[in-house]
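In this chain, numbering begins with 1 at the start of the sequence shown.
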Amino acid sequence: MNLQDLHKVSSSFQTSAKMPVLFIGHGSPMNALEDNTFTRALKQMGEDIRRRQKPNAILVVSAHWLTRGSAVTLNERPETIHDFGGFPQELFAMQYPAPGAPAYAKQAMALVPDLHGSDEWGLDHGTWTVLHHLFPAADVPVFQLSLDVHKSPAQHFALARQLQELRRRGVLIIGSGNVVHNLRLSMQKLMAGDASAYDWAVEFDEWVKTRIDQRDFTALFDVQKAGASGPLAVPTPDHYWPLLYSLALADRDEPIHHAFEEVSFGGLSMRTVAIG
């Protein structure tokens with residue numbers, strides 16, 4: 001598809017009321033099976049969104065699709081990917097049979113010149129474990145946007161800004177990761193049956209919350225600005241980058257709500273943010 005064809009695709013979509021944007025701290029895949037305060041909060045968010053306006057499509061930026069270059073999925077029937085191990089068979093048996101959204105993926109490609117299409121990915125657990133609670137009927141088309149491992153935080157933020165128009169085309173955009181994600185140190189607590197949070201994890205989670213509330217998004221590009229808690233909270237950037245995508249899509253005076261706040265098992269933040 002050439003650039004002229006992409007622009008034809010983009011212009012063919014009718015505008016709608018602006019959709020909200022979410023950042024979801026997705027945590028363990030086991031949340032797909034569980035009924036807890038976090039999953040109940042997701043269910044309520046989904047009901048609220050559907051009551052306002054059912055999305056035409058959902059775009060998820062998941063921590064679990066890392067690529068060279070930035071890609072969007074073009075699959076008409078995306079596979080439910082069980083990209084984890086050591087969990088109950090009940091979890092591996094779960095499916096999220098939502099249709100794909102290739103037409104909207106092509107619109108994203110029209111908006112962001114360096115995006116390319118891919119049919120080599122489906123819906124990973126950063127996507128389907130949360131959509132299972134947000135939209136349990138799996139009746140909204142879904143596509144994913146990958147995280148380019150070579151982009152800087154500022155470049156990820158700038159790419160996301162180019163996707164603003166999708167919100168006006170009925171696309172719900174979701175960043176799915178975790179503000180604090182240190183599995184190595186969290187496992188020590190988990191194995192001991194200790195769900196309490198490390199002080200450094202709470203400190204960093206609160207630092208991020210303050211930057212969000214002050215709308216100082218660019219400060220979030222460098223986690224070391226938080227002090228010693230930064231490298232401990234973000235030992236690798238994959239689960240942190242989706243937050244930047246969501247925040248980049250916030251308009252200047254748009255309300256930002258912390259829909260769920262919790263740091264559990266030492267170093268895992270479930271902070272979830274709703275924009276708009």
Taken to the nearest 0.5 Å, the spacing of Asn75 CG from Ser118 OG works out to 7.0 Å
Hey, is Arg167 close enough to Glu254 for a salt bridge, meaning N to O under 4.0 Å?
yes
Here the gap from Trp121 atom CH2 to Leu66 atom CG, rounded to the nearest 0.5 Å, amounts to 8.0 Å
- Message: Measuring only between side-chain heavy atoms, which start at C-beta, is Leu243 closer than 4.5 Å to Ile212?
- Response: yes
All heavy atoms of Pro55 vs all of Met19, minimum pair found to be CG-CE, 3.7 Å
- Task: Show the numbers, then the answer: is there a ring pair (Phe, Tyr, Trp, His ring centres under 6.0 Å) between Trp128 and His82?
- Result: CA-CA 10 Å; Trp128 66 264; His82 300 85; 5.3 Å; yes
Ser176 side chain vs Thr127 backbone, donor-acceptor pair below 3.5 Å
no
task = Answer yes or no: is there a donor N or O on one side and an acceptor on the other, between the side chain of His116 and the main chain of Ser70, under 3.5 Å?
result = yes
Q) Any side-chain heavy atom of Met30 sitting closer than 4.5 Å to one from Leu33? A) yes
Sequence neighbours excluded, the answer for salt bridge (charged side-chain N to carboxylate O under 4.0 Å, His left out) partners of Lys43 is none
Review point. Mind checking whether Leu59 and Leu247 sit in one hydrophobic cluster, side chains of I, L, V, M, F, W, Y counted as touching below 4.5 Å?
Key: yes
dist Ser264:OG -> Asn36:CG (nearest 0.5 Å) comes out at 9.5 Å
Around atom CG of Asp199, are there more than 12 heavy atoms of other residues, nucleotides or ligands at under 6.0 Å? no
One should read off an interatomic distance between Asn178 CG and Leu268 CG, to the nearest 0.5 angstrom, of 5.0 Å
Rounded to the nearest 0.5 Å, the CZ atom of Arg169 sits from the CG atom of Leu111 at a distance of 8.5 Å
Residue set satisfying side-chain hydrogen bond (donor to acceptor under 3.5 Å, both in side chains) with Arg68, at least two apart, ordered chain then number -> His150
Return yes when atom CD of Glu47 has more than 12 non-hydrogen atoms of other residues, nucleotides or ligands closer than 6.0 Å, and no otherwise. yes
Atom CD of Gln214: over 12 foreign heavy atoms under 6.0 Å:
yes
TODO: With side chain to side chain contact (heavy atoms under 4.5 Å, CB included) as the test, would you mind laying out the steps for Leu159 and Asp148 before giving the verdict?
DONE: CA-CA 11 Å; Leu159 187 156; Asp148 181 356; over 6 Å; no
Using 30° and 60° as the class boundaries, would you call the ring planes of Tyr198 and Trp200 parallel, tilted or perpendicular? parallel
Tightest non-hydrogen contact, residues Val60 and Leu131, listed as CG2-CD1, 4.4 Å
Residue pairs meeting ring-ring contact (aromatic ring centres under 6.0 Å, His included), one or both in residues 244-271, sequence neighbours left out, come to Phe38-Phe260, His156-Tyr245
For the rings on Tyr96 and His132, is their centre-to-centre separation under 6.0 Å? no
Between the NZ atom in Lys54 and the CG atom in Leu172, the distance rounded to the nearest 0.5 Å is 12.5 Å
Sorted by chain and residue number, the salt bridge (charged side-chain N to carboxylate O under 4.0 Å, His left out) partners of Arg50 (sequence neighbours excluded) come out as Asp139
Quick note, ring-ring contact (aromatic ring centres under 6.0 Å, His included) partners involving residues 203-239, not counting sequence neighbours, are His26-His239, His64-His239, Phe157-Phe221, His181-His239, Phe204-Trp207
I would like to know whether Tyr240 and Val223 meet side chain to side chain contact (heavy atoms under 4.5 Å, CB included); could you show each step before the answer? CA-CA 10 Å; Tyr240 185 76; Val223 300; 3.6 Å; yes
inquiry  = Test side chain to side chain contact (heavy atoms under 4.5 Å, CB included) on Gln162 and Leu115; report intermediate values, then the result.
reply    = CA-CA 11 Å; Gln162 297 177 74; Leu115 272 186; over 6 Å; no
Under 3.5 Å, side chain of Asn182 to main-chain N/O of Leu232, donor-acceptor pair present? yes
**OP:** Could you tell me whether the side chain of Ser246 and the main chain of Leu22 form a donor-acceptor pair under 3.5 Å?
**Re:** yes
The salt bridge (charged side-chain N to carboxylate O under 4.0 Å, His left out) partners of Glu79 (sequence neighbours excluded) come to none
Same apolar cluster: Phe23 and Ile49, side chain cutoff 4.5 Å: no
**Prompt:** Taking 4.0 angstrom as the limit, do Glu261 and Lys209 come out as a salt bridge?
**Reply:** yes
Under 3.5 Å, is there a donor-acceptor pair between the side chain of Asp83 and the main chain of His125?
-> yes
Please evaluate residues Ser269 and Glu262 with respect to the criterion side-chain hydrogen bond (donor to acceptor under 3.5 Å, both in side chains), reporting the C-alpha separation (whole Å), side-chain torsions for both, the decisive distance (0.1 Å), and the verdict.
CA-CA 6 Å; Ser269 168; Glu262 180 181 276; over 6 Å; no
When you look at Asp222 and Gln224, which way does the side-chain hydrogen bond (donor to acceptor under 3.5 Å, both in side chains) test go after all the steps? CA-CA 5 Å; Asp222 183 3; Gln224 296 199 33; 5.0 Å; no
The test is side-chain hydrogen bond (donor to acceptor under 3.5 Å, both in side chains); show your working for Asp238 and Trp241 and say whether it passes. CA-CA 6 Å; Asp238 47 332; Trp241 282 336; over 6 Å; no
Looking only at heavy atoms, the pair that brings Pro97 and Ala138 closest together is CD-CB, 4.0 Å
From the list Arg168, Arg215, Arg161, salt bridge (Lys or Arg N to Asp or Glu O under 4.0 Å) partner of Asp251 resolves to Arg168
Query raised in the report: Is there a donor-acceptor contact under 3.5 Å linking the side chains of Thr129 and Asn31?
Result: no
Verify side chain to side chain contact (heavy atoms under 4.5 Å, CB included) between Leu123 and Val142, making sure each step is shown before the conclusion.
CA-CA 8 Å; Leu123 306 180; Val142 182; 3.7 Å; yes
query = Salt bridge check: are Asp216 and Lys225 linked by an N-O gap of less than 4.0 Å?
reply = no
All heavy atoms of Pro102 vs all of Leu74, minimum pair found to be CB-O, 3.4 Å
